[in-house]
Amino acid sequence: MNEKVAQLINEQINHEFYSAYLYLDFANYYAAAGLDGFENWYRVQAQEEQAHAMLFYQYLHNNGEKVTLKAIRQPDKVLDSPMAPLKAGLEHEKLVTGLIDGIYALAFEARDFRTMQVLDWFVKEQGEEEKNAADLITRMELFGGDAKGLYMLNSELKSRVYTAPSLTL
């Protein structure tokens, strides 16, 4: 495996765990606000991010690469309204998409086709993540200003459950 590609994947593990921390922070905000559906949505999101980190972890191990775990920084987003975590979430997903794209570009340059094949799943996943984040913002804009609408949206988000990713490494 190309050394620079392995290094970026190692860094991505940390980014994915940070994503989980960030989404747990969002869940914590919503729990304090009494929006348990939003809390659930972000707890599930945190589980997904942990799974993504572990997929990268396993991929490096499967290829004989050493994984170096680094400190995970504390989330620093200002959460001052029910909309704030949603907008910060979309911004963060776009950042992660850029990171995945950067790894993909380097893998392409290094002709690391196996890594590119694994990253194809993450590229698709990031498209879904950005769409879900944008859709939540749209729905909050449409319904969040009305107490009944917010109640219904919150109730709907309670039903989300974690499903492990189906990626074969």
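In what follows, residues are counted from 1 in the order of the sequence shown.
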Quick one: pull up [atom1] in [X] and [atom2] in [Y] and give me the separation to the nearest 0.5 Å.
X    : Y    : atom1 : atom2 : answer
I72  : E16  : CD1   : CD    : 11.0 Å
E49  : F17  : CD    : CZ    : 11.0 Å
I9   : H15  : CD1   : NE2   : 12.5 Å
N10  : K70  : CG    : NZ    : 7.0 Å
K124 : I100 : NZ    : CD1   : 15.0 Å

Which atom pair, heavy atoms only, marks the closest approach of [X] to [Y]?
X    : Y    : answer
A6   : E65  : CB-OE1, 3.7 Å
L55  : P165 : CD1-CG, 3.8 Å
D25  : P75  : OD2-CB, 3.7 Å
G37  : K158 : CA-CG, 3.4 Å
D112 : N2   : OD2-N, 4.3 Å

Check side chain to side chain donor-acceptor pair (under 3.5 Å) between [X] and all other residues, then give those that pass, not counting sequence neighbours.
X   : value
N63 : R114
K4  : none
Q47 : none
N40 : none

Which donor-acceptor pairs under 3.5 Å do the side chains of residues 83-95 make with protein atoms, sequence neighbours left out?
| unit_1 | atom_1 | unit_2 | atom_2 | d |
| --- | --- | --- | --- | --- |
| E91 | OE2 | K77 | NZ | 3.0 |
| H92 | NE2 | S19 | OG | 2.6 |
| E93 | OE1 | Q126 | NE2 | 3.0 |
| E93 | OE2 | Y23 | OH | 2.6 |

Tell me whether [Y] is reachable from [X] by hopping between hydrophobic residues (I, L, V, M, F, W, Y) whose side-chain heavy atoms are closer than 4.5 Å.
X    : Y    : value
I103 : V123 : yes
L157 : V161 : no
L69  : L99  : no
M54  : V96  : yes
Y162 : Y42  : no

Could you walk me through whether L150 and M140 satisfy the side-chain contact (heavy atoms from CB on, under 4.5 Å) test, starting with their C-alpha distance in whole Å, then the side-chain angles of each, then the deciding distance to 0.1 Å, before giving a yes or no? CA-CA 7 Å; L150 181 59; M140 182 65 121; 3.9 Å; yes
Examine R73 relative to Y21 and say whether NZ or CZ is less than 6.0 Å from the centre of the six-membered ring and inside a 45° cone about the ring axis.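 No, a cation-pi geometry is absent between R73 and Y21.
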Should [X] and [Y] count as side-chain neighbours, where that means a heavy-atom distance under 4.5 Å?
X    : Y    : result
L60  : M1   : yes
Y104 : T115 : no
W41  : N132 : yes
E11  : N14  : no
E48  : T163 : no

Stepwise side-chain hydrogen bond (donor to acceptor under 3.5 Å, both in side chains) check, Q7 with E3: CA-CA 6 Å; Q7 179 184 350; E3 185 178 326; over 6 Å; no
Would you say [atom1] of [X] has more than 12 non-hydrogen atoms from neighbouring residues, nucleotides or ligands within 6.0 angstrom?
X    : atom1 : value
Q58  : CD    : yes
Q117 : CD    : no
Q74  : CD    : no

Is it the case that the side chain of Y151 and the backbone of D146 share a donor-acceptor pair, with hydrogens and angles ignored and the cut-off at 3.5 Å?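 It does not hold such a pair.
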So does A134 get a backbone contact from the side chain of T138, meaning a donor-acceptor N/O pair under 3.5 Å?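 Side chain of T138 to backbone of A134: a pair is present.
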Determine, step by step, whether L24 and N28 satisfy the side-chain contact (heavy atoms from CB on, under 4.5 Å) criterion, reporting the C-alpha distance in whole Å, the side-chain angles of both residues, the deciding distance to 0.1 Å, and the verdict. CA-CA 6 Å; L24 281 176; N28 195 37; over 6 Å; no
From CA spacing to verdict: side-chain contact (heavy atoms from CB on, under 4.5 Å), Q45, E129: CA-CA 9 Å; Q45 196 64 25; E129 297 285 14; 2.6 Å; yes
Quick one: which residue pairs count as a ring-ring contact (aromatic ring centres under 6.0 Å, His included) with a foot in residues 51-80, not counting sequence neighbours?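 Every ring-ring contact (aromatic ring centres under 6.0 Å, His included) pair that includes a residue of residues 51-80, provided the two are not neighbours, is H52-W121, H52-F122, F56-F122, Y57-H61.
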Looking at D135 and R139, is any side-chain nitrogen of the basic one under 4.0 Å from a carboxylate oxygen of the acidic one?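 No.
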Begin from the C-alpha positions of F38 and L153 and carry the test side-chain contact (heavy atoms from CB on, under 4.5 Å) through to its verdict. CA-CA 9 Å; F38 285 84; L153 183 55; 3.8 Å; yes
